[in-house]
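Source: prediction; values computed, not measured. Along the sequence shown, residues are numbered consecutively beginning with 1.
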Amino acid sequence: MMSDIEIIDMFKSKGIKATPQRVVVYRALMELKHPCAEEVIEQVRSKTPLVSIATVYNVLEFFFKSGLINKVLTGDNRMYFDIDVHEHHHLYCSNKHEIADYYDEELSDIIRKHIQEKKIPGFKLEKINLQLIGNIGE
């Protein structure tokens, strides 16, 4: 896990101002696995009680727009955040409301090839982000 100094250096390398609020929110995202906003707020406020709820939401949105995190919207309309921005997919357990990362380059390659062969007019594939819904461990 990255130290606060490493988080600050990473922000600087991406041209992002490293405010204390951004550092504490990023740290919370690193400590939690696919958290929803409420979980991030709880984690942040347990360490820095004076950070407002609005600040956490604003920082999460800023991180998303800056490409530091991804949003994962589940079938039950819940929004989660993923600090891993590398191409991967998600397994969503609808019973437990849990998300697990799923890495499968072969699957991504099959989809890329399929889309390329279909030659969909005006469509250029930028990213593949699948969510497979089921029950984990049952």
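- Remark: Arg22 qualifies as a cation-pi partner of Phe62 under the 6.0 Å distance and 45° angle criteria applied to the six-membered ring.
- A single hydrophobic cluster is not seen to contain both Val23 and Leu50; linkage of ILVMFWY side chains at heavy-atom distances under 4.5 Å, directly or through other members, places them apart.
- With salt bridges taken as basic N to acidic carboxylate O contacts below 4.0 Å, one links Lys71 and Glu61.
- Considering every non-hydrogen atom in both His88 and Asp84, the closest pair reads CE1-O, 3.0 Å.
- The two residues Gln131 and Thr74 make their nearest non-hydrogen contact at OE1-CA, 3.5 Å.
- Looking only at distances, a side-chain donor or acceptor of Arg27 sits under 3.5 Å from a matching main-chain atom of Met2.
- Linking ILVMFWY side-chain heavy atoms closer than 4.5 Å, directly or via other members, places Tyr92 and Ile128 in two distinct hydrophobic clusters.
- Residues Leu29 and Gln43 fail the side-chain proximity criterion, which asks for heavy atoms closer than 4.5 Å.
- Going from atom CD of Gln116 over to atom NZ of Lys118 covers 13.5 Å, rounded to the nearest 0.5 Å.
- Here the closest heavy-atom approach between residue Asn70 and residue Val85 is recorded as ND2-CA, 3.5 Å.
- Linking Ile, Leu, Val, Met, Phe, Trp and Tyr residues whenever their side-chain heavy atoms come within less than 4.5 Å leaves Ile110 and Leu91 in two separate clusters.
- In this structure, the side chain of Ser66 does not engage the main chain of Phe63 through any donor-acceptor pair within 3.5 Å.
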- Task: Please lay out, stage by stage, how His90 and Asp82 fare under the test side-chain contact (heavy atoms from CB on, under 4.5 Å).
- Result: CA-CA 10 Å; His90 293 106; Asp82 190 355; 2.7 Å; yes

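- Heavy-atom neighbours of Glu6 CD from other residues, nucleotides or ligands within 6.0 Å: above the threshold of 12.
- Scanning both residues, Val51 and Arg45, for their nearest heavy atoms gives O-NE, 3.0 Å.
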Walk me through it: do Ile83 and Tyr26 pass the test side-chain contact (heavy atoms from CB on, under 4.5 Å)?
CA-CA 8 Å; Ile83 201 164; Tyr26 198 83; 3.4 Å; yes

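- The distance from atom CG of Asn95 to atom CD1 of Ile133, rounded to the nearest 0.5 Å, is 12.0 Å.
- Atoms CG and CZ, on Leu107 and Arg112 in that order, are 10.0 Å from each other to the nearest 0.5 Å.
- One hydrophobic cluster holds both Phe81 and Val24 under the rule that ILVMFWY side chains link at heavy-atom gaps under 4.5 Å.
- When each of His34, His89, His86 is checked for a side-chain hydrogen bond (donor to acceptor under 3.5 Å, both in side chains) with Asp101, only His34 meets the rule.
- Annotation: side chain of Glu87 is in contact with side chain of Ser108 (closest heavy-atom distance under 4.5 Å).
- Heavy-atom contacts from other residues, nucleotides or ligands closer than 6.0 Å to CD1 of Ile120 number more than 12.
- Remark: Glu31 CD to Met1 CE distance equals 5.5 Å, nearest 0.5 Å.
- Taking every heavy atom of both residues into account, Ile69 and Leu60 meet most closely at CD1-O, 3.5 Å.
- The existence of a salt bridge linking Asp9 and Lys12 is excluded, since no basic side-chain nitrogen approaches an acidic carboxylate oxygen closer than 4.0 Å.
- Across all their heavy atoms, His97 and Tyr80 have their closest contact at O-OH, 3.6 Å.
- There is a path of hydrophobic side-chain contacts, each under 4.5 Å, that joins Leu68 to Tyr57.
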Does Ile7 form a side-chain contact (heavy atoms from CB on, under 4.5 Å) with Asp4? I'd like the steps, not just the answer. CA-CA 5 Å; Ile7 293 171; Asp4 286 355; 4.1 Å; yes

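- Residues Ile111 and Leu130 meet the side-chain proximity criterion, which asks for heavy atoms closer than 4.5 Å.
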